[in-house]
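Got a structure for you, questions after.
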Amino acid sequence: PVGGRKRERMRVFITGGTGFVGNVVIQALLGLDHEVTILTRSPPRGRPEKKGVVYVEGDPRRAGKWQESLAENDGVINLAGASIFCRWTRANKLAIRESRIETTRNLVEGLSERKGRETALISASGTGYYGSLAEEGVREDAPAGRDFLAELSQEWEAEAQKAAEHGVRVALCRLGVVLGRNGGALKKMAPAFRAGLGSPLGKGNQWFSWIHERDLANIFLFLLNRKDASGPMNCTAPRPVRNRDLTSELGRALRRPTFLPSLPGPLLRMGLGEFAQVFLEGQCAVPGRLMDLGFDFQFPTLDQALDDIL
């Protein structure tokens with residue numbers, strides 16, 4: 001049982017369930033016989049639904065009838081948000097922000113109907129909350145940064161935390177880079193490495209806080225079950241690495257050389273604009289709260305994670 005406690009069947013509502021991380025979390029929930037309600041703007045038509053899965057049609061960025069479905073659930077997992085993997089134009093920044101803030105605001109509004117009834121909101125955020133930090137071992141009590149992702153994370157978390165006013169237990173999951181088989185960072189990085197073109201980015205000493213997809217799914221299950229778990233949680237592996245070490249480990253796992261010189265930071269900024277900071281800066285975030293709560297990581301080191309995935 002997750003967390004060493006008796007497991008009970010739960011009804012869980014999820015936003016962002018059709019994305020890479022959402023699919024992994026849903027499979028973990030179904031594997032434990034939980035019931036899952038997926039909010040989507042385009043429910044599947046013409047084919048039977050999976051056992052244990054119900055689709056609710058609606059746009060999470062807008063209030064609607066879908067909010068009535070929240071009252072039927074024991075937990076809500078909020079993963080919705082436009083991808084940050086794009087050039088950060090003014091329009092794209094607005095879409096990234098509104099997709100997170102408006103969705104979370106509408107979820108909290110729907111959860112207000114559960115006032116006094118036990119439920120949990122597990123809401124995503126990111127380690128970008130801390131801004132760019134060179135220091136090691138950043139725990140959840142570290143101050144927030146001041147760049148775009150840091151300010152976005154603060155506002156996103158503040159909206160989610162409002163659910164506590166309605167008696168909802170709120171856990172804020174500051175996700176590291178999720179490594180998995182069918183999406184995320186590895187899907188974008190692996191082709192270049194397979195072609196022998198992998199190299200460090202910038203100076204190569206920037207920190208890379210990561211998490212294996214299976215550990216992340218288990219974290220969500222763990223937090224749903226632990227009634228004493230609330231507040232910010234760094235959802236990262238306990239051993240972050242530097243970019244140059246990531247490069248070396250990816251080359252080893254794929255059996256490809258990584259002898260090319262580092263890709264210069266100015267060149268990356270020229271191509272990607274402000275978004276380049278995601279690759280050139282980082283944080284050495286460690287899962288302090290999760291370790292204090294006794295969460296057991298299956299993949300604590302990068303070599304274990306990459307060997308399993310690749």
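The figures that follow rest on heavy atoms only: side chains count, while hydrogens, waters and symmetry mates do not.
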Contacts of type ring pair (Phe, Tyr, Trp, His ring centres under 6.0 Å), residue F299, not counting sequence neighbours:
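F299 satisfies ring pair (Phe, Tyr, Trp, His ring centres under 6.0 Å) with H212 once adjacent residues are dropped.
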Provide the closest heavy-atom pair for R194 versus R256 in the form atom of the first, atom of the second, distance.
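Closest approach of R194 to R256: O-NE, 2.8 Å.
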The test is side chain to side chain contact (heavy atoms under 4.5 Å, CB included); show your working for L224 and L29 and say whether it passes.
CA-CA 11 Å; L224 284 171; L29 289 165; 4.0 Å; yes
Is there a side-chain contact between E140 and Y130 in this structure, where contact means two heavy atoms from C-beta onward sitting under 4.5 Å apart?
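E140 reaches Y130 side chain to side chain.
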Carefully, step by step, assess E155 and R100 under the rule salt bridge (Lys or Arg N to Asp or Glu O under 4.0 Å).
CA-CA 9 Å; E155 192 175 359; R100 287 160 173 77; over 6 Å; no
Listed partners of F20 passing ring pair (Phe, Tyr, Trp, His ring centres under 6.0 Å), at least two apart
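Listed in chain order: nothing, the list is empty.
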Pairing of R239 and D245 as salt bridge, 4.0 angstrom limit:
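Between D245 and R239 there is no salt bridge, as every charged N stays at least 4.0 Å from the carboxylate O atoms.
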Do you reckon I211 sits in the same ILVMFWY cluster as I122, going by side-chain contacts under 4.5 Å, direct or chained?
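In one cluster: yes.
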Kindly indicate whether the side chain of D74, heavy atoms from C-beta on, has any atom under 4.5 Å from the side chain of H34.
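No, their side chains stay 4.5 Å or more apart.
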To the nearest 0.5 Å, how far apart are OG in S132 and CG in L149?
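It is 11.0 Å, given to the nearest 0.5 Å.
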D307 and R252: CA distance, side-chain angles, deciding distance, salt bridge (Lys or Arg N to Asp or Glu O under 4.0 Å) verdict
CA-CA 9 Å; D307 286 346; R252 180 199 60 79; 3.0 Å; yes
Of all residues at least two apart in sequence or in a different chain, which pass the side-chain contact (heavy atoms from CB on, under 4.5 Å) check with S209?
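For S209, the residues satisfying side-chain contact (heavy atoms from CB on, under 4.5 Å) (neighbours in sequence not counted) are T236, P240, A285.
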How long is the gap from CH2 on W210 to CG on L306, to the nearest 0.5 Å?
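Spacing of CH2 (W210) from CG (L306) equals 7.5 Å.
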Testing the 3.5 Å rule here: is there a donor-acceptor pair between the side chains of T104 and N78?
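Their side chains do contain a donor-acceptor pair, which is all the 3.5 Å distance test asks for.
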Decide side chain to side chain contact (heavy atoms under 4.5 Å, CB included) for V286 and R139; before the verdict, give the C-alpha distance in whole Å, the side-chain angles of both, and the deciding distance to 0.1 Å.
CA-CA 6 Å; V286 294; R139 290 177 61 109; 3.8 Å; yes
Establish whether I84 and V178 are linked, either directly or via other cluster members, by ILVMFWY side-chain heavy-atom contacts under 4.5 Å.
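As far as the 4.5 Å side-chain criterion goes, V178 and I84 are not connected within one cluster.
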Please name the pair of heavy atoms, one in G131 and one in A150, separated by the smallest distance, quoted to 0.1 Å.
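Smallest interatomic distance, heavy atoms only, reads N-CB, 4.0 Å.
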R105: side-chain contact (heavy atoms from CB on, under 4.5 Å) partners, not counting sequence neighbours:
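Listed in chain order: I101, E102, E159.
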Is there a side chain to side chain contact (heavy atoms under 4.5 Å, CB included) between W88 and Q277? Walk through the geometry before answering.
CA-CA 11 Å; W88 288 352; Q277 75 179 55; 3.8 Å; yes
Mind checking the CE-CG spacing from M189 to L246? Nearest 0.5 Å is all I need.
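M189 CE to L246 CG: 4.0 Å, rounded to 0.5 Å.
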Are any of the side-chain heavy atoms of E249 and V241 separated by less than 4.5 Å?
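No, too far: nothing below the 4.5 Å cut-off.
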Ion pair present between E165 and K162, side-chain N to carboxylate O less than 4.0 angstrom?
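Salt bridge flag = no for K162 with E165.
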Of all the heavy-atom pairs spanning N23 and T18, show the shortest one and how long it is.
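Taking N23 first and T18 second, the nearest heavy atoms are ND2-O, 3.4 Å.
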If you count the non-hydrogen atoms of other residues, nucleotides and ligands that lie under 6.0 Å from CZ in R242, is the total more than 12?
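Counting other residues, nucleotides and ligands, CZ of R242 exceeds 12 neighbours.
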When hydrophobic residues are tied together by side-chain contacts of less than 4.5 Å, even through go-betweens, does L79 share a cluster with M10?
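Both belong to a single hydrophobic cluster.
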Can you tell me how far the CG atom of L107 sits from the CG atom of L39, to the nearest 0.5 Å?
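Answer rounded to 0.5 Å: 8.0 Å.
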Which atom of T40 lies closest to which atom of Y55, heavy atoms considered
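So the minimum-distance heavy-atom pair works out to CG2-CD2, 3.9 Å.
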For P238 and P287, work out which heavy atoms get closest and say how close.
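Looking at all heavy atoms of both residues, the closest pair is CA-CD, 3.6 Å.
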Within this structure, what is the CG-CZ distance for the pair L267 and R269, rounded to the nearest 0.5 Å?
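One finds 11.5 Å between CG of L267 and CZ of R269.
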Do L272 and V278 touch side chain to side chain, with heavy atoms closer than 4.5 Å?
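The answer is no; the side chains never approach within 4.5 Å.
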Where do G251 and T258 come nearest, in terms of heavy atoms and distance?
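Smallest heavy-atom distance, with atoms named: CA-CG2, 3.7 Å.
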What's the separation between atom CG in L223 and atom CG in D228, rounded to the nearest 0.5 Å?
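Here the interatomic distance stands at 10.0 Å.
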L152 and L172: same hydrophobic cluster, using ILVMFWY side-chain contacts below 4.5 Å?
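No.
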Would you say that E72 contacts T37 through its side chain, given a criterion of any heavy-atom pair below 4.5 Å between the two side chains?
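No, too far: nothing below the 4.5 Å cut-off.
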With a 4.5 Å cut-off on side-chain heavy atoms, are W207 and L133 touching?
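Side-chain contact under 4.5 Å: no.
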Check this for me: does any side-chain nitrogen of one of R61 and D59 sit under 4.0 Å from a carboxylate oxygen of the other?
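Yes, charged N to carboxylate O under 4.0 Å.
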Looking at side-chain heavy atoms only, is the closest gap between L260 and L197 below 4.5 Å?
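Yes - at least one pair of side-chain heavy atoms lies under 4.5 Å apart.
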Is any side-chain heavy atom of F297 closer than 4.5 Å to a side-chain heavy atom of Q304?
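F297 vs Q304: side chains apart.
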Considering residues at least two apart in sequence or located in another chain, which fulfil the side chain to side chain donor-acceptor pair (under 3.5 Å) criterion with Q67?
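Counting only residues at least two positions away or on another chain, Q67 forms no side chain to side chain donor-acceptor pair (under 3.5 Å).
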Taking ring pair (Phe, Tyr, Trp, His ring centres under 6.0 Å) as the definition, give me every residue that meets it alongside W66, ordered by chain and number, with sequence neighbours left out.
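For W66, no residue satisfies ring pair (Phe, Tyr, Trp, His ring centres under 6.0 Å) once neighbours in sequence are set aside.
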If you draw a 6.0 Å radius around CG in N182, do more than 12 non-hydrogen atoms from other residues or ligands fall strictly inside?
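Incorrect, the count does not exceed 12.
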Kindly work out whether a path of hydrophobic side-chain contacts (I/L/V/M/F/W/Y, heavy atoms less than 4.5 Å apart) joins Y129 to L121.
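Result: no, two separate clusters.
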Does R181 pair with E213 as a salt bridge, N-O distance under 4.0 Å?
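Looking at E213 together with R181, the answer is yes, because their closest N to O distance falls below 4.0 Å.
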